[in-house]
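Counting begins at 1 with the first residue of the sequence.
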Amino acid sequence: MKKIASLIIAGTFVLSGAMAQNDESADQQNDMQLKSKKGVSILPEQGDWALGVNAVPFLNFLGNTMNGTSGNTTAFGFLNNNQTIFGKYFMEEDFVIRGALRVGVNSTKTDNFVQDMGAVSPQDMVKDTRSQNTGIYLLSGGIEKRKGNSRIQGYYGAELQLGLSTQSTEYEYGNALTESNPSVFYTDDFDAGTSTQGSQRPILSEAGTTWMVGARAFVGVEYFVAPKLSIGGEFGWGPMYRSQADGVSRIERASFTGVEEVETELGGEREFDMDTDNMQGALKVMFHF
């Protein structure tokens, strides 16, 4: 009996040692898999930043190269149609602050020449000008919790979205409307460059300021194809509320009593939406540094 007990105890120690050695080998192998040959960590670490772009242009480039399509070009693409810059900051390896930002301002002036009503020669021209101004400002921020210890990383979280947009169009004309000259040449279509003669024309169109606010829960997955480089996709769900204030439209017109400006209010709009999304179909690439 003593011999049997001794054999059992010895066998237990041998088995325990073998299991510990196997576990250690597995851990070492796992560590090697999550580091490059140069010892660089494949997964993001605490303090890392990340920048996201849309992978679809790169995939289209690769596909067109294989099928012989000419004129093949590629460039960084935004992760959504709103042209926002998307980034992350890793507070911890599994806890991330993320955000997106867009500041878009555009001012466009279009000129067109029409006949000068005050000149003797029909070849003399004056200039009409249309000034278009738009602005769009988008900001989102949220938190992300990550899961997984391999190259495949799952994540989930929530974020808040805010937005503001403005739009206005103003017109200036070379021929002035007056009591003595109640019908003049002016540009009726700046895009086509055409003109007409009349006694009434627009001078201002201003849409009401639009505010947007939304909340979004999201879930996604990434696969790290190289150190600090991942490709993945994301789904989201949440409400979005948009409110556009009343706008204004202004014209000038000539009559028998003189020249007057007439202002008309443009109705606003309110919209509530709650739906799922997939980041406008973007397959995202994340660069971590």
Just by distance, do the side chain of [X] and the backbone of [Y] share a donor-acceptor pair under 3.5 Å?
{"X": "Ser121", "Y": "Gln123", "value": "yes"}
{"X": "Asn175", "Y": "Phe185", "value": "yes"}
{"X": "Asp48", "Y": "Glu45", "value": "yes"}

- request: Quick one: which residue pairs count as a ring-ring contact (aromatic ring centres under 6.0 Å, His included) with a foot in residues 225-245, not counting sequence neighbours?
  value: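 The answer is none; no pair qualifies.
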From CA spacing to verdict: salt bridge (Lys or Arg N to Asp or Glu O under 4.0 Å), Glu172, Lys127: CA-CA 8 Å; Glu172 296 180 2; Lys127 182 171 67 176; over 6 Å; no
query: Under 3.5 Å, is there a donor-acceptor pair linking the side chains of Tyr155 and Glu234?
result: yes
- request: Report the distance from atom NZ of Lys88 to atom CZ of Phe287, rounding to the nearest 0.5 Å.
  value: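 If I round to the nearest 0.5 Å, the distance is 13.5 Å.
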message: As an exercise, state the distance from CD of Glu170 to CG of Leu204, rounded to the nearest 0.5 Å.
response: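 One gets 5.5 Å once the value is rounded to the nearest 0.5 Å.
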- prompt: Taking C-beta and beyond as the side chain, do Ser230 and His288 meet within less than 4.5 Å on heavy atoms?
  reply: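 Sidechains of His288 and Ser230: in contact.
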task: With ring-ring contact (aromatic ring centres under 6.0 Å, His included) as the test, would you mind laying out the steps for Trp49 and Tyr89 before giving the verdict?
output: CA-CA 5 Å; Trp49 294 85; Tyr89 177 71; 4.6 Å; yes
- request: Only one of Glu222, Glu92, Glu93 passes side-chain hydrogen bond (donor to acceptor under 3.5 Å, both in side chains) with Arg146; say which it is.
  value: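 The passing option is Glu222.
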Partner of Thr187 by side chain to side chain contact (heavy atoms under 4.5 Å, CB included), out of Asn112, Asp111, Thr129, Thr110: Asn112
Should the pair [X] and [Y] be classed as cation-pi, given the thresholds of under 6.0 Å to the six-membered ring centre and 45° from the axis?
{"X": "Lys109", "Y": "Phe190", "value": "no"}
{"X": "Arg98", "Y": "Phe218", "value": "yes"}
{"X": "Arg201", "Y": "Tyr173", "value": "yes"}

